[in-house]
Structures are given as C-alpha cells and as structure tokens.
Protein chains: 2
Amino acid sequence: MHTPLIDRLRRRGYRLTAQRRVVAEVLEGENVHLTAEAVLDRATELLPEISRATVYATLQQFTELGEVRELALDGRAKRYDPNVEPAHHHLVCDTCGLVFDVAHGIDAPGLSGADRHGMAMQGAEIVYHGECADCSVRAADDKMAT
Amino acid sequence: MHTPLIDRLRRRGYRLTAQRRVVAEVLEGENVHLTAEAVLDRATELLPEISRATVYATLQQFTELGEVRELALDGRAKRYDPNVEPAHHHLVCDTCGLVFDVAHGIDAPGLSGADRHGMAMQGAEIVYHGECADCSVRAADDKMAT
DNA sequence: CTCCGACTTTGGACAATATCCAGATCCTTG
DNA sequence: CAAGGATCTGGATATTGTCCAAAGTCGGAG
C-alpha cells in the first residue's frame with residue numbers, strides 16, 4: 001500500500017520501514033491533534049517493540065516533509081496536526097488543553113518590512129485562547145462547593 | 001521602593017518578600033523575553049539563595065496578577081514578557097528561539113459564533129515564524145563547509 | 001517593640017517531555 | 001542474496017516544570 005506520505009518518503013530517499021508506516025497510520029486515523037507520547041501509545045499497540053526515539057524522530061521527519069504540522073499551542077507537549085491542508089488555526093482551552101480547529105479562510109495580517117526585523121518569514125500561527133464549556137461548568141461547580 | 005507591581009501585590013494580600021522584589025527587578029531590567037531558567041540565573045546573582053521553586057511560583061503569581069504575560073512561542077520553555085501594555089504579538093526564529101515584538105496595531109481576526117465551539121473567548125495570540133539573519137548566515141556557512 | 005500565626009521559601013525528589021548515542025537490525029541496490 | 005548505509009532500539013541523559021514537608025519570615029495584634 002502506498003499512501004501519498006509513503007510515496008513522498010521514498011522520493012526523498014527515506015526508507016520504507018514498518019515503524020514509519022505505523023506512525024503514519026496512527027496520524028491518519030486521528031482527527032484530534034496528538035502529542036508525541038499519545039502517538040507512541042497508539043503506535044505501541046500496533047508495533048509493540050517501537051521505541052520512543054523512533055516515534056519522536058519520525059514525527060520530526062514528517063514535519064520536515066510537510067506531512068504534519070507541529071503545533072506549540074500551550075506550554076505543554078507539542079502536538080501533531082495531520083491536516084496540513086487547508087491551512088487553519090487553532091482554538092485552545094487554557095484549562096484542559098482541548099483543541100479545536102478554526103475554519104480556514106481566517107489568516108494573520110502580514111508584517112511590514114520593519115516588523116520583520118530582517119528575518120526570512122515562514123508563516124504565522126494564530127492561537128485563540130478560551131475556556132471550553134466543560135471547564136466553565138466545572139469552575140462554576142467548584143465555586144458552589146466552597 | 002514601591003513599584004506598581006509591588007503595590008498590587010500588597011493590595012491583593014501577597015507579602016512583600018526579597019524574592020518577589022528580585023524577580024520583579026529582573027523582569028523590569030530586561031526587554032527581551034526571558035525563560036524561567038534565565039530569570040532564575042539572573043535572580044541568583046542578586047539573591048544567591050533563591051530557589052528554583054520560588055522563581056517558578058513567583059512567575060505564575062505575576063502572570064495571574066497580569067503583570068507579565070506567559071508566552072508559549074515554540075515547543076521549548078515558556079517565556080515571560082514584562083511588557084503587558086500595549087498588546088502586541090511576536091516573531092520567533094524557529095532555529096535559535098530569538099523573539100522580536102511585533103508592532104502593536106496588528107490583531108487577529110475575531111471568531112464567528114460557530115468557530116467558537118461554545119468556548120468563552122479570552123484572546124488570541126499570533127506567532128510569526130521565520131529564520132533570523134544570524135541563523136540564515138550560519139545555515140549558508142554550514143552548506144559551504146560540506 | 002515583640003510575638004505568633006499564616007504565608008512564603010527552600011531544597012530535593014519527582015514528573016513530563018524530549019534528545020542523544022552506541023550497537024544491533026533491516027531496507028534497498030546491484 | 002550479500003553488502004553497506006540508513007534506521008531502530010533501549011537506556012542514559014537533558015530540559016523544563018511541579019510537589020511537598022520542614023524551616024523561615026512578614027506584618028498585624030497587643
């Protein structure tokens with residue numbers, strides 16, 4: 001079986017290994033944004049001897065290939081978004097870490113030359129912060145309980 | 001000496017300790033965005049017996065008070081921005097982690113009701129990504145060296 | 001001014017996330 | 001199907017951050 005991802009790996013000179021297949025499979029099977037540890041957990045179910053180092057390395061490779069997007073949404077673990085296309089931003093619950101995709105069509109304003117500070121621009125990521133309904137309810141309950 | 005920060009601490013019932021003064025002093029003396037470890041380093045020079053736990057706790061308190069902004073710009077350490085006003089966004093070098101402020105006046109588009117997914121919105125942060133001039137030069141050098 | 005209780009700090013253990021490395025393994029090419 | 005370089009493994013190590021019990025300190029009451 002050749003998914004587009006696997007094809008691109010081959011074309012770039014990467015070898016086709018069971019480990020890479022498994023990581024690709026885990027990512028494609030999810031529409032939430034997993035952390036590396038979550039990917040490792042699921043990958044271990046499919047290929048018990050896979051190692052942590054391999055999962056981390058593979059996620060980096062996929063990121064470099066543009067197959068997944070690495071997201072730094074909060075100060076915790078990075079998350080991996082398998083939906084590269086269409087471009088979109090994210091909405092995060094600051095309390096529990098829940099992530100929603102924001103409809104595409106929204107984009108960050110560009111930077112003027114002066115604001116670029118001589119840097120080569122590579123893109124912009126908008127992170128909307130809020131509190132999800134569940135956490136709001138839980139906060140209200142906690143207040144009542146006092 | 002009573003900086004505005006110290007006043008607000010008192011009014012909220014926080015005690016005025018040497019450790020809090022030192023952390024405040026470190027933050028005010030910097031216009032770059034320090035990591036907690038960097039704050040610890042500088043604070044240790046001013047007050048050698050200060051502990052890591054205190055610095056982390058103090059940075060959290062200052063964040064809750066609105067005196068500093070906690071930034072999750074990349075997947076590495078959180079950074080603390082002492083310039084709360086005016087609101088502004090950030091430009092990050094993905095290679096070395098260097099951070100520039102982006103001129104205020106830029107802001108993220110709002111979210112429609114459907115895009116809010118029932119969450120209570122608390123704000124949006126735009127992170128512009130790129131490669132700074134130094135890192136571009138270094139990458140070019142590396143290529144020549146091969 | 002002194003004392004005491006509550007708030008704060010300390011330091012070291014622990015947790016979560018991530019990277020590195022040497023040796024073992026395994027794809028792919030020829 | 002053998003060789004060789006790419007890849008993987010497992011464990012050590014690094015980085016960042018949190019937790020906790022005991023010790024210490026701030027600041028209001030007297």
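Fair warning: this is a prediction, and the values are worked out from it, not measured in the lab. Naming convention: chains lettered A, B, ... in sequence-line order (proteins, then strands); numbering from 1 in each chain.
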note = Sorted by number, residues from residues 53-67 of chain B placing a heavy atom under 4.0 Å from DNA chain D are Ala53(B), Tyr56(B), Gln60(B)
message = If only side-chain N and O atoms count, and only distance matters, is there a donor-acceptor pair under 3.5 Å linking His129(A) with Asp74(A)?
response = no
task = Classify the side-chain pair His88(A)/Asp81(A) by whether it contains a donor and acceptor separated by less than 3.5 Å.
result = yes
message = Need to verify one output field. Residue with the more 5' nearest nucleotide on DNA chain D, Tyr14(A) or Ala77(B)?
response = Tyr14(A)
Whole-Å distance between [N] [atom2] and [X] [atom1]?
{"X": "Leu9(B)", "N": "dC7(C)", "atom1": "CG", "atom2": "P", "answer": "15 Å"}
{"X": "Lys78(A)", "N": "dT15(D)", "atom1": "NZ", "atom2": "P", "answer": "14 Å"}
{"X": "Arg12(A)", "N": "dT28(C)", "atom1": "CZ", "atom2": "P", "answer": "17 Å"}
{"X": "Leu34(A)", "N": "dT17(C)", "atom1": "CG", "atom2": "P", "answer": "13 Å"}
{"X": "Glu70(B)", "N": "dT18(D)", "atom1": "CD", "atom2": "C1'", "answer": "13 Å"}
{"X": "Arg10(A)", "N": "dT28(C)", "atom1": "CZ", "atom2": "C1'", "answer": "7 Å"}
{"X": "Tyr80(B)", "N": "dG17(D)", "atom1": "OH", "atom2": "C1'", "answer": "9 Å"}
{"X": "Leu73(B)", "N": "dT16(D)", "atom1": "CG", "atom2": "P", "answer": "14 Å"}

message = Looking at Arg52(B) and Glu37(B), is any side-chain nitrogen of the basic one under 4.0 Å from a carboxylate oxygen of the acidic one?
response =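 Counted as a salt bridge, because a side-chain N and a carboxylate O are separated by less than 4.0 Å.
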request  = Please identify each residue that fulfils side chain to side chain donor-acceptor pair (under 3.5 Å) with Arg42(A), with sequence neighbours left out.
outcome  = Glu30(A)
Between [options], spot the one nearest the side chain of [X], thanks.
{"X": "Gln19(A)", "options": "dT8(C), dT9(D), dT28(C)", "value": "dT9(D)"}
{"X": "Leu16(B)", "options": "dG17(D), dT29(C), dG27(D)", "value": "dG27(D)"}
{"X": "Arg52(B)", "options": "dT10(C), dT18(D), dG27(D)", "value": "dT18(D)"}

inquiry  = With hydrogens left out and only the distance checked, is there a donor-acceptor pair under 3.5 Å joining Arg15(B)'s side chain and the base of dA6(C)?
reply    =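 A donor-acceptor contact between them is present.
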Interatomic spacing from NZ in Lys78(B) to CG in Leu34(B) - rounded to 0.5 Å =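 Between Lys78(B) NZ and Leu34(B) CG, I get 15.5 Å after rounding to 0.5 Å.
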request  = Can you measure from CG (Asp41(B)) to CG (Leu46(B)) and round to the nearest 0.5 angstrom?
outcome  =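 That separation rounds to 11.5 Å.
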message = Looking at Ser51(A), I'd like to know whether one of its side-chain N or O atoms comes within less than 4.0 Å of OP1 or OP2 on dG11(D).
response =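 No, because none of the side-chain N or O atoms of Ser51(A) sits under 4.0 Å from OP1 or OP2 of dG11(D).
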query = Does Thr17(A) make a side-chain N or O approach to OP1 or OP2 of dC8(D) shorter than 4.0 Å?
reply =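 So the side-chain polar atoms of Thr17(A) do come within 4.0 Å of the phosphate oxygens OP1 or OP2 of dC8(D), strictly under.
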task = Classify the nucleic acid contact of Arg76(A) as base, sugar-phosphate or nothing, counting any heavy atom under 4.0 Å across all strands shown.
result =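 Contact class for Arg76(A): none.
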key: Cluster check Leu71(A), Tyr80(A): I/L/V/M/F/W/Y, side chain < 4.5 angstrom   = no
